[in-house]
**Student:** 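A single structure is presented below for examination.
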Amino acid sequence: MGLKIYNSLSRQLEEFSPLTEGHVSMYSCGPTVYDYIHIGNARTALVTDIIRRYLTYKGYVVKLVQNLTDIDDKIIARAQTLGTSPIQLAQANGEAYFEDTQRLGIQPADVHPKATEHIPEMINLIQTLIDKGAAYIVDGSVYYRVNSFNEYGKLSRRKPEDLLAGARVEVDERKEDPRDFDMWKAAKPDEPYWDSPWGRGRPGWHIECSCMAMKHLGETIDIHAGGEDLLFPHHENEIAQSELATGKPFARYWVHVAFLKIDGARMGKSEKNFIFLRDALDKYPAEVIRHFLISAHYRHPLDYSLESLQKSESALKRLRNCLEALKKYEQETPEITDEHNSTSQDAAETDTHLLSAIKTMQAQFTDAMDTDFNTAQAMGSIFSLVSQVNRSLGTSNGISDQIFAQAYKVLSETCQVLGIYTMNAQDVAGTAEILNPLLELLLEIRQNARDQKDWDTSDKIRDQLKQLNIEIQDTHEGSTWKFLSL
RNA sequence: GGUGGCGUAGCCAAGUGGUAAGGCACGAGUCUGCAAAACUCCUAUCCGUCGGUUCGAUUCCGACCGCCACCUCCA
């Protein structure tokens, strides 16, 4: 069974096969850097990240390009109110974007092109469209003539009359058709500008993506991703520009990520109901936020709430407990076959159960992710195996070490695809050299107290450490400690 | 007005034309000096409402109710 992707263009689940075998070109619409990104923005970036991780996991060589829109009306306006320059503002927020996304465990794209660094290419593309009669110049601005592309509307399925009927925006009388959009905006006084054959100005938003996608990935790309709000008009316009210029299909699979909601409504900057990703990251570990963001399918809306984050934290704790219990078997050589030596009947039974649970999990995980990256379902398969592992750990007498090692391998690999088991709190602490012996000592003292049934001392140590976010657990093999937060 | 989506247990959330994954929470129990972790059991005869198609629908079709989004910069 191969990968299927829901293509917004056909509005169907389609078998995925890249243009070049074994290679996938992917473009994701990045942020307009006039502010920090909020969790809603992060959802799209995260989905892109996971798609890329999964494609890589499947053996594809992926080239991911994500743009940075670093010149636009909002940046200019914001810079004015802040008393800074648009360039500086974009620079600072661009850096903040990488900082925030990397904290969330999002791997940088292969290329992060900036609009301002591709002005000549954009001018060329616009000129090509003018030459083909698909654009016209008015007062130093260049407009795309929507009528010249007869497939216009194929992505959003909007008919011209529908668009006109609903138009709430003021009609620019200079346009031939209200649907026409600008590819080059003539500069107003005090605005940043670049020279062009049509005078000083700056590029429109849509031409940026057309241009940078094609420059870095070629005229036809495999996957184009973005938030669902970009479907119209942005992606529709990208198609119009690119396909008319090249005569080739622009993107083969269109992936649109649903909104993150808050209190039932869309999280949006203009609604002022957003939460900056960096603020969320200050309160919750990255893995918790990731878990939350992928707990629903990417094409379904997801409602943000503190309760949901807390649920994710609890769920992740269960996962983590299991993985940590399993980790000590990591060094064992994972056994692949069903045939292995078991001296006890019970252990053999445990092995068989676990082994089949591992296989089931692998199949279910792949199946879920193959079906349009169903992370929620994939997570279900992971937790099913966690249950079986926990049961097996309880009945194990040491004979199933290789199987546990295999379970660890499979679980940690799949969790890595989702990015929910990448960090190790013990290492993150960074003070392990001091902390380890110190805690060993405390545990030893506590064990002595317990041997003498001095529960007061024993409990005091445990309770006090818990205040410090360190949890002690007494098991049959002795006492262990770990950091409470993930 | 046009276009699209959603409504599944207390909460979150998968999913299927043949009878409901997973997580969180709650309750009971096992284990433990007590905890913690883990395990066991308990949690939807039912998937917004009403019709229709079907041997059979939560899953397909229609209507209705409720909610959300896009058509304007927005991931």
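What's counted below: heavy atoms across the whole structure, side chains too, no hydrogens, waters or symmetry copies. Numbered from 1 within each chain, the chains take letters A, B, ... in sequence-line order.
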**Student:** Would you say the side chain of A:D474 and the base of B:C34 hold a donor-acceptor pair, judged only by whether the two atoms sit under 3.5 Å apart?
**Tutor:** yes

**Student:** Give a yes/no answer on whether the side chain of A:R450 brings an N or O atom under 4.0 Å of OP1 or OP2 in B:C34.
**Tutor:** no

**Student:** Could you tell me whether A:H297 contacts a base, only the sugar-phosphate backbone, or nothing, with contacts defined as non-hydrogen atoms closer than 4.0 Å?
**Tutor:** sugar-phosphate

**Student:** Could you give the distance from OG (A:S25) to CG (A:D222), rounded to the nearest 0.5 Å?
**Tutor:** 4.0 Å

**Student:** Would you mind classifying the nucleic acid contact of A:N390 as base, sugar-phosphate or nothing, using non-hydrogen atoms under 4.0 angstrom?
**Tutor:** sugar-phosphate

**Student:** Below the 4.0 Å mark, does B:A37 have OP1 or OP2 next to a side-chain nitrogen or oxygen of A:N321?
**Tutor:** no

**Student:** Look at the side chain of A:H476 and decide which nucleotide, out of B:C31, B:G4, B:A75, has an atom nearest to it.
**Tutor:** B:C31

**Student:** Counting the atoms with a prime plus P, OP1 and OP2 as sugar-phosphate, which does A:G268 contact under 4.0 Å by heavy atoms, base, sugar-phosphate, or nothing?
**Tutor:** nothing

**Student:** Check every atom of B:G33, B:A75, B:G23 against the side chain of A:N41 and return the nucleotide holding the closest atom.
**Tutor:** B:A75

**Student:** Remember a base hit wins even if backbone is also touched, and classify A:I382 as base, sugar-phosphate or nothing at under 4.0 Å, heavy atoms.
**Tutor:** nothing

**Student:** Within the modelled atom types, does a donor on one side and an acceptor on the other bring the side chain of A:R158 and the base of B:C70 under 3.5 Å apart?
**Tutor:** yes

**Student:** Please determine if a side-chain N or O atom of A:R320 lies less than 4.0 Å away from the OP1 or OP2 oxygen of B:A38.
**Tutor:** no

**Student:** Can you check whether A:N374 has a side-chain N or O nearer than 4.0 Å to OP1 or OP2 of B:G15?
**Tutor:** yes

**Student:** Taking the nucleotide of RNA chain B with the nearest heavy atom to each, does A:V257 or A:S381 sit closer to the 5' end?
**Tutor:** A:S381

**Student:** For B:A14 and A:H300 - does any side-chain N or O of the residue sit under 4.0 Å from the phosphate oxygens OP1/OP2?
**Tutor:** yes

**Student:** For the side chain of A:K317, counting heavy atoms from C-beta on, which of B:A37, B:C24, B:C12 is nearest?
**Tutor:** B:A37

**Student:** I want to confirm an ordering. Mapping A:D456 and A:A378 to their closest nucleotides on RNA chain B, which one lands closer to the 5' end?
**Tutor:** A:A378

**Student:** When the P atoms of B:C42 and B:G23 are compared, how many Å lie between them, rounded to an integer?
**Tutor:** 15 Å

**Student:** For A:F259 and B:A69, say yes or no: do the ring centres fall under 5.5 Å of each other while the ring planes differ by less than 30°?
**Tutor:** no

**Student:** Ion pair present between A:D73 and A:K188, side-chain N to carboxylate O less than 4.0 angstrom?
**Tutor:** no

**Student:** Is the positively charged end of A:R299 above the ring of A:Y6, judged by distance under 6.0 angstrom from the centroid and angle within 45° of the axis?
**Tutor:** yes

**Student:** Quick test of your reading of the model: are A:D303 and A:R266 salt-bridged, counting only N-O distances below 4.0 Å?
**Tutor:** no

**Student:** For a quick check of understanding: with a heavy-atom distance under 4.0 Å over all strands, which category does A:R78 fall into, base, sugar-phosphate or nothing?
**Tutor:** nothing

**Student:** Would you indicate what A:I37 reaches in the nucleic acid, counting non-hydrogen atoms under 4.0 angstrom: base, sugar-phosphate, or nothing?
**Tutor:** nothing

**Student:** When you check the gap from the basic side-chain N to the acidic O, do A:R450 and A:D474 get nearer than 4.0 Å?
**Tutor:** yes

**Student:** Could you please name the option among B:G23, B:A14, B:C68 that lies closest to any side-chain atom of A:K261?
**Tutor:** B:C68

**Student:** Less than 3.5 Å between a donor and an acceptor, one on the side chain of A:K269 and one on the base of B:C73, is that the case here?
**Tutor:** no

**Student:** Using the side-chain heavy atoms of A:R462, tell me which of these nucleotides is nearest: B:C73, B:G33, B:G23.
**Tutor:** B:G33

**Student:** Taking N and O atoms by type only, does the side chain of A:S458 place a donor or acceptor under 3.5 Å from a partner on the base of B:G33?
**Tutor:** yes

**Student:** Is there a side-chain contact between A:R391 and the phosphate of B:A38, meaning an N or O under 4.0 Å from OP1 or OP2?
**Tutor:** no

**Student:** Within the structure shown, what part of the strands sits under 4.0 Å from A:Q473 by heavy-atom distance: base, sugar-phosphate, or nothing?
**Tutor:** base

**Student:** Would you say the side chains of A:S381 and A:Q364 form a donor-acceptor pair under 3.5 Å?
**Tutor:** no

**Student:** At under 4.0 Å between heavy atoms, what does A:A45 touch on the DNA or RNA strands: base, sugar-phosphate, or nothing?
**Tutor:** nothing

